[in-house]
Participant: 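Sending over a structure as structure tokens; questions will come in a sec.
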Protein chains: 2
Amino acid sequence: MNVDQRLLRLARQPYADKHTQSIWMQIYDRLGEAVESGLLPEGSRLPGEDDLASMFGVTRVTLRRALSLLQHEGRLVSRKGVGVFVRSISVRYEVRETEAFNMALNGADSRMDALSLVRKPASADAAEALGLKSGEEVTEVRFIQHAQSTPYYYAVKEFPVSVMPEFARDYEKTGSILGAYAAAGIESYLRTETRITGDFATEEEADLLHISRQAPVLRSRSVNEDNTGRAIEYNRGCWPMLSVELVFNNKTPFA
Amino acid sequence: MNVDQRLLRLARQPYADKHTQSIWMQIYDRLGEAVESGLLPEGSRLPGEDDLASMFGVTRVTLRRALSLLQHEGRLVSRKGVGVFVRSISVRYEVRETEAFNMALNGADSRMDALSLVRKPASADAAEALGLKSGEEVTEVRFIQHAQSTPYYYAVKEFPVSVMPEFARDYEKTGSILGAYAAAGIESYLRTETRITGDFATEEEADLLHISRQAPVLRSRSVNEDNTGRAIEYNRGCWPMLSVELVFNNKTPFA
DNA sequence: TAGTGGTCTAGACCACTCG
DNA sequence: GAGTGGTCTAGACCACTAA
């Protein structure tokens, strides 16, 4: 029995009393289960909306309410003119903030790719957090991180030029941020503050992370200092909300 | 000029090209601005959907797409048979995780109310996090926190009976958790681990926090230990996603 | 060019809330 | 009973994508 047939059987199950739970909610539940059970595997394309609507015995409008919620949750992604696809949220990556850059990933095929690297005046946010003078320059690097060929983290980092004047060269040579730190004479550092908020994806983030616009994300803004207390990095990152669990450990007892 | 008139003027502004941005998105933007600008104050009721639809010159269905997104974001709340209301997200509360219980609030009228206090076997989650034996009992306390008479934090705390056998009495007497700690001989403690995730509100959470079901929330799960390393509390909390900023500070340098 | 998802309409019925 | 938000339909037109 192929996927379409099994999906059809799922769709054709009788609905519970409409007044108990709305039809579109029941469709939402069934499609969600289909994704979680693996009937609709990660990355696979759903039948067209007209087909789905007739399978579930409803109008396209009603069907779309179910799809729409699944998209807002970041579980499905639609591409205009192409189709609706399953976005994996089966894994929830654990990110240990104390490990700073080395995010703990289950799989080994994790890549952190630099999208761009430019020298420019610090953003207002970074200038304040790093205590920079107005107009002071930074090296800004945009990163995207994948796991199992799904993007799940997007970050913009700013490194003061005054601290690491040759960041671009050093990063190029060593291929890692820690390498660039070391090349600038920074052997140890401290992530002094991390601020976490929830928000909705911007258009750029939605594109890069393969989620819908308006899908919720977790944002992190953090500052790194070297062991002399000098601010060396400002980082803004975001994850699709359901894709990550942030873990903070603490060793400092309270009074 | 009253609110309805000013809202009408906002609604009657010509729409940008439909192909640039959809009508419902433009309505969404305008209503969002109306909330942020204070034209629609916190807690106020919007005109009925029929009225709004005719004000904006669209069908109720189209208008509802705008309202629906604002509700998913936790900025509006609807009450069936009553109306649609503005939920304040103008403030984003800063919660310093290192201060554990004493959340930094701008205003002074913050209350932490206990909803229930019962003795029962530890939840599976808590038992694992606290290292309890199967079936071991805890005192479970459910809290809701308000600021400016808006609920913005809901927490379920579990305290092992083996550590604080008289928690209920001590909490009653002192009126605070720290008081109950002290009464049990715990003078200092350590929030050893905090795990942050994003999720969607359950029905109970949506009710208590005055947000829509399916509105995103930030969840925190944390463990407190006393200065001998004994686990004394397991806490599960959640905030409406847009209402909070979590701040973590770190004093431990990396290797 | 055919198929896809995105938008919008006009109208209907319902359950819920409150006076 | 009057007004509210919640649901659903049947049909239409559009822009985008890929073959």
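Proteins come first, then strands; the chains are lettered A, B, ... in the order of their sequence lines, and each starts at number 1. Every value quoted in this text rests on a predicted model; they were computed, and no experiment measured them.
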Participant: Counting only heavy atoms from other residues, nucleotides and ligands, does the tally under 6.0 Å from CZ of B:R79 exceed 12?
Facilitator: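 For B:R79, atom CZ is not crowded (no more than 12 foreign heavy atoms under 6.0 Å).
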Participant: Would you call B:R221 and A:E245 a side-chain contact if the rule is heavy atoms closer than 4.5 Å?
Facilitator: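 In contact.
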Participant: Would you mind reading off the distance between A:L67 atom CG and C:dT7 atom C1', rounded to a whole angstrom?
Facilitator: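 After rounding, the reported distance stands at 15 Å.
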Participant: Expressed in angstrom and rounded to an integer, what is the separation of A:L76 atom CG from C:dT4 atom P?
Facilitator: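 Distance check: A:L76 CG to C:dT4 P gives 17 Å.
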Participant: For A:V61 and for A:V84, find the nucleotide of DNA chain C with the closest heavy atom, then tell me which residue's nucleotide is more 5'.
Facilitator: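 Between the two, 5'-proximity favours A:V84.
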Participant: Does B:R64 have a side-chain nitrogen or oxygen under 4.0 Å from the phosphate oxygens OP1 or OP2 of D:dG6?
Facilitator: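 Yes, because at least one side-chain N or O of B:R64 sits under 4.0 Å from OP1 or OP2 of D:dG6.
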Participant: List for me each residue that meets ring pair (Phe, Tyr, Trp, His ring centres under 6.0 Å) alongside A:F56, sequence neighbours excluded, and say none if there are none.
Facilitator: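 Ring pair (Phe, Tyr, Trp, His ring centres under 6.0 Å) list for A:F56, sorted by chain: empty.
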Participant: Roughly how many Å is it from OH in B:Y15 to P in C:dT7, rounded to a whole number?
Facilitator: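 About 15 Å, once rounded to whole Å.
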Participant: Please determine, for the side chain of B:E49, which listed nucleotide (D:dG6, C:dG5, D:dT9) has the closest atom?
Facilitator: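 The nucleotide sitting nearest to the side chain is D:dG6.
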Participant: For the residue pair B:Y171 and B:F143, does the interplanar ring angle fall in the parallel (under 30°), tilted (30 to 60°) or perpendicular (over 60°) class?
Facilitator: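 Perpendicular: the ring planes of B:Y171 and B:F143 meet at over 60°.
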Participant: Just the rounded figure in Å: distance from C1' of D:dG5 to CZ of B:F85.
Facilitator: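 Answer to the nearest Å: 11 Å.
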Participant: Between B:L46 and A:W24, who's closer to the 5' end of DNA chain D by nearest nucleotide?
Facilitator: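 Residue closer to the 5' terminus by nearest nucleotide: B:L46.
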Participant: Could you tell me how far apart A:L52 (CG) and C:dT4 (P) are, to the nearest whole angstrom?
Facilitator: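 Distance check: A:L52 CG to C:dT4 P gives 10 Å.
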Participant: Round to the nearest Å and state the distance from A:Q26 atom CD to D:dT7 atom C1'.
Facilitator: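 Atom-to-atom, A:Q26 to D:dT7, this comes out as 12 Å.
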Participant: B:R142 and B:Y154: side-chain donor and acceptor closer than 3.5 Å?
Facilitator: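 A donor-acceptor contact under 3.5 Å links the two side chains.
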Participant: Give a yes/no answer on whether the side chain of A:T62 brings an N or O atom under 4.0 Å of OP1 or OP2 in D:dT7.
Facilitator: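 For A:T62, the contact criterion (side-chain N or O under 4.0 Å from OP1 or OP2 of D:dT7) is not met.
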Participant: What is the separation between atom CZ on A:R65 and atom P on C:dT7, rounded to the nearest whole Å?
Facilitator: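 Value for this atom pair: 15 Å.
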Participant: Sort and list the pairs that fulfil salt bridge (charged side-chain N to carboxylate O under 4.0 Å, His left out) and have at least one residue in residues 50-61 of chain A, not counting sequence neighbours.
Facilitator: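 Only A:E49-A:R60 qualify under salt bridge (charged side-chain N to carboxylate O under 4.0 Å, His left out).
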Participant: Once you round it to whole Å, what is the distance between P of D:dT9 and CD1 of A:I23?
Facilitator: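 After rounding, the gap between these two atoms is 7 Å.
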Participant: Out of D:dG6, C:dT9, C:dG6, which has the shortest distance to the side chain of B:T59?
Facilitator: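 So the side chain of B:T59 is nearest to C:dT9.
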Participant: Does the side chain of A:E158 come under 3.5 Å of the side chain of A:S123 through a donor N or O and an acceptor N or O?
Facilitator: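 Yes, a side-chain donor-acceptor pair sits under 3.5 Å.
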Participant: Along nucleotides 13-19 of chain C, 5' to 3', which nucleotides get a B, which get an S, and which get a -, given that the test is a protein heavy-atom distance under 4.0 Å?
Facilitator: -SBBSS-
